[in-house]
Amino acid sequence: MVSAFDKLAHPVQKWVRSRGWRELRKIQADAIHAIVDSDDDLIISASTAAGKTEAAFLPLISQVLVDPAQTGGFDLLYVGPLKALITDQAMRLEDICHNAEIPVYPWHGDVSASVKSRALKAPKGILLITPESLEAMFIRRGLEVPRLFGAIRAVVIDELHSVLDSERGVQMRSLLTRLEIAVKRPIRRVGLSATLGDMKLASAYLRPDKAESVALMEAKGGESELLLQVRGYVAGNEDDDDDTLAAEDSVAAHLFKHLRGSDNLVFAGARQSVEKYADSLRELCERAHLPQEFYPHHASLSREHRDFVEDRLKDANLPTTAICTSTLELGIDIGDVTCVAQVGAPFSVASLRQRLGRSGRREGQPAVLRQYAVELRHDSASNFVDRLRLGLVRTIAMIELLLEGWCEPPRPDALHLSTLVHQILSVIAERGGAKADRLHRVLCQEGPFRQVSVEMFLGVLRSLGKPETGLIEQSSDGLLLLGPKGEKLAEHHRFYAVFQTPEEFRLIADGKELGTLPITNILTPGMLLIFSGRRWLVQEIHALERVIIVQPAKTGVPPRFGGDPGAIHDRVIERMFDLFESELEPAYMDPTALDMLKEARKNYAWMGFSSSPVIETSEDSHILATRRGTAKNCTLALALGAKGFKVEQHDGFLSVWTHESCDGLMQVLRCVAGGEDMDLFAHSPNLVFEKFHEHLTPELLQQDAHSCRLDVSSLQSTASMLVGTNLEETDAGPTIEPSKK
DNA sequence: GACCTGCTGCGGTCTG
């Protein structure tokens with residue numbers, strides 16, 4: 001049998017030898033056989049430093065060398081989600097390709113026009129590009145696409161897991177389909193990924209028509225040992241700021257003591273919390289007269305500051321701990337970190353797993369996860385969220401699921417109508433005009449919008465063509481063209497990205513930009529801020545220029561950065577209830593955390609949830625234990641809202657207040673359980689979440705919400721579960737605040 | 001009750 005190495009072209013073999021590798025890794029050998037011996041699509045799944053890029057490109061480059069294209073055009077395409085990743089990968093590929101005389105072109109917003117024009121003049125070799133730049137190519141040079149990509153052999157999609165079901169992922173899959181249509185043949189797809197919960201499902205996203213023929217390569221074993229601890233911290237009640245500070249200070253002190261002297265990542269959840277901990281840790285260093293080694297890292301900080309922190313992390317001689325949001329969750333290689341800390345409950349098992357993958361990458365080194373759970377101290381006025389320690393319980397539920405190897409799958413039925421609007425405008429711009437049936441075939445039959453029916457598609461077109469929208473027009477021969485508003489929208493560079501970005505102020509100190517703040521912060525001169533881990537006084541505000549001038553100060557508070565709460569999966573919530581109702585005492589919990597869990601269980605039983613899912617807390621307020629994730633919970637909340645109740649949503653629970661005019665809660669729940677027709681949108685909730693939603697009719701927005709944010713099919717069963725138990729009032733029930741207001 | 005990601009072409013000015 002011919003070995004994997006022997007299947008590589010000579011210049012590539014020479015490069016492998018020059019690296020001094022004793023042998024190819026198994027995943028690399030497997031990928032070489034698969035790529036050289038067949039035309040199948042492929043997913044290569046392995047941890048960050050396992051050599052996935054080489055696994056894909058060594059054989060692909062070999063094919064280009066052995067059988068060079070007869071026509072011009074790029075040979076290989078790489079699509080990556082981050083500019084930094086593209087720059088990084090281009091350097092690695094240049095190293096391989098240098099002797100083989102295959103050109104490598106990075107292409108994104110920061111790449112100079114001269115490199116781009118060189119690539120366009122003599123397209124050849126490997127093009128590394130972002131989805132947005134590829135989009136721009138279709139819109140600006142639609143007619144050149146066949147010439148540029150006519151010879152392409154394969155497209156490599158990096159960080160596949162991060163684009164499975166997002167708006168951006170749908171955009172990318174749409175672009176890949178459009179590329180195949182432009183060159184009139186299928187192009188092999190190779191997905192690279194670190195974290196995939198379900199390889200089969202990922203195949204369906206990579207190649208919907210032929211998911212079964214996608215070859216799957218997964219690097220198994222070699223996973224490092226995991227050291228895990230959950231530490232509990234109890235803060236004071238809400239009115240007692242000093243006590244609250246004490247718990248967060250204890251967390252900061254523990255981080256300071258245990259992380260100093262090595263490289264670490266502390267995921268603190270929100271940017272506001274990143275700023276708070278970065279400030280505390282900076283102060284601890286200063287007080288101890290020690291050099292600074294704790295730095296904040298999040299998307300609102302200037303590129304310069306973020307580069308500084310990333311460079312320090314890569315530098316083995318400078319111990320550095322980054323307090324960060326998900327900015328350091330994926331992307332460029334920052335080297336191995338000693339420990340990953342998570343402060344507060346994570347938002348998904350998938351991201352927790354991705355974060356954990358940042359540590360324990362060197363052989364023989366364990367992966368270390370330090371989880372900090374900060375909860376409020378109870379008193380007689382505490383609300384049920386605090387009494388049930390929902391944050392801690394969710395943390396444990398997610399860790400248990402992580403240990404079982406589960407993570408959240410994408411929602412396959414999502415319509416992604418905002419991105420459909422974008423792609424309709426883009427296809428029209430690409431070709432200067434398009435017929436409706438062609439648009440439907442490209443986007444909904446061959447492309448990723450397969451959940452969109454013909455009728456709905458026509459509804460979207462009508463919505464875009466309405467005079468007040470004016471994005472598209474129809475010529476006398478039926479061709480759809482961009483209207484004046486559509487032209488204007490598509491010609492601006494803001495159009496290329498399918499995701500929304502908020503308006504921001506720029507924060508300037510001493511002539512240098514510190515970063516940005518959403519304009520939703522109400523600021524006046526004289527206010528004190530914590531930003532970039534330091535304290536500032538607001539000096540001047542230039543509203544028109546969107547600039548704020550600050551100077552150093554002695555105190556401050558972290559600003560609000562806003563954000564969009566995401567969805568918690570049903571399975572996480574189910575596990576939370578399992579935890580409430582079991583005796584499990586995980587060994588990784590410290591005594592405080594364990595006490596907190598026992599207390600949560602005691603309160604769960606004391607409040608009555610072990611015998612009934614509906615608790616009456618006062619004459620006009622109830623708590624429902626729905627045991628459902630965000631989408632189902634939110635659907636029931638809308639249904640009750642439509643009947644006049646005021647509803648608050650929590651993990652697996654709803655707090656419900658009755659108004660005078662409402663029917664009894666149980667009566668309404670029985671109606672819902674009986675399948676009564678409900679108008680979930682009776683109170684016109686906001687349904688504009690995505691960038692191009694504003695161009696759609698309310699009916700279409702409702703359908704989009706149904707497809708990914710709600711789950712109306714669960715309504716009856718959730719309500720039946722809630723009314724199924726006998727709800728006769730117990731005498732002298734406990735007095736519990738339903739929730740914080 | 002959260003986070004992240006991306007960006008063209010043109011016209012102007014400066015430098016060797």
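Lettering follows sequence order; numbering is per chain, from 1. FYI, side chains are in, hydrogens and waters are out, and symmetry mates aren't considered; it's all heavy atoms of this structure.
- Partners of A/Asn264 by side chain to side chain donor-acceptor pair (under 3.5 Å), not counting sequence neighbours, listed by chain and number: A/Ser262, A/Thr321.
- In this structure, A/Asp651 atom CG and B/dA2 atom C1' are separated by 13 Å, rounded to whole Å.
- Listed in residue order, the members of residues 628-640 of chain A having a heavy atom less than 4.0 Å from DNA chain B come to none.
- The neighbour count for A/Glu144 CD, taken as heavy atoms of other residues, nucleotides or ligands under 6.0 Å away, is above 12.
- A donor-acceptor contact closer than 3.5 angstrom is absent between the side chains of A/His416 and A/Gln171.
- For A/His298 and A/Phe561, the ring centers are positioned less than 6.0 Å apart.
- For the pair A/Arg178 and A/Phe138, the distance from NZ or CZ to the six-membered ring centre is under 6.0 Å and the angle to the ring normal is within 45 degrees.
- Taking the six-membered ring where the residue is Trp, the centroids of A/Tyr277 and A/Phe294 are separated by 6.0 Å or more.
- For DNA chain B, if you chain together Watson-Crick or G-U pairs that step i with j, i+1 with j-1 and so on, you find no run of at least three with distances under 3.5 Å.
- For the pair A/Arg173 and A/Tyr205, the cation-pi criterion (under 6.0 Å, within 45° of the ring axis) is not fulfilled.
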Counting only pairs under 3.5 Å, give me each side-chain donor-acceptor contact of residues 484-495 of chain A, with atom names and distances, residues two or more places apart or in other chains.
from, atom 1, to, atom 2, distance (Å)
A/Lys485, NZ, A/Glu468, O, 3.0
A/His492, ND1, A/Arg494, N, 3.0

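- You'll find the ring centres of A/Phe577 and A/Phe609 outside the 6.0 Å limit.
- Checking A/Leu128, A/Ile157, A/Thr53 one by one against A/Tyr78, the side chain to side chain contact (heavy atoms under 4.5 Å, CB included) holds for a single residue, A/Leu128.
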Under-3.5 Å N/O pairs linking protein and nucleotides 13-15 of chain B:
none

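- Using a 4.0 Å cut-off between a side-chain N of Lys or Arg and a carboxylate O of Asp or Glu, A/Asp307 and A/Arg303 qualify as a salt bridge.
- Side-chain contact between A/Ser174 and A/Pro448 is present, with at least one heavy-atom pair separated by less than 4.5 Å.
- As judged by a 4.0 angstrom heavy-atom cut-off over every strand, A/Gly269 is placed among residues touching the sugar-phosphate backbone only.
- Look at A/Arg627 and A/Glu574 and you find no salt bridge, because none of the NZ, NE, NH1 or NH2 atoms lies under 4.0 Å from a carboxylate O.
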Exercise for the section: Classify every nucleotide of nucleotides 4-9 of chain B by which part a protein heavy atom approaches to under 4.0 Å, writing B for the base, S for the sugar-phosphate alone and - for neither, in 5'-to-3' order. Expected result: SBBBBS
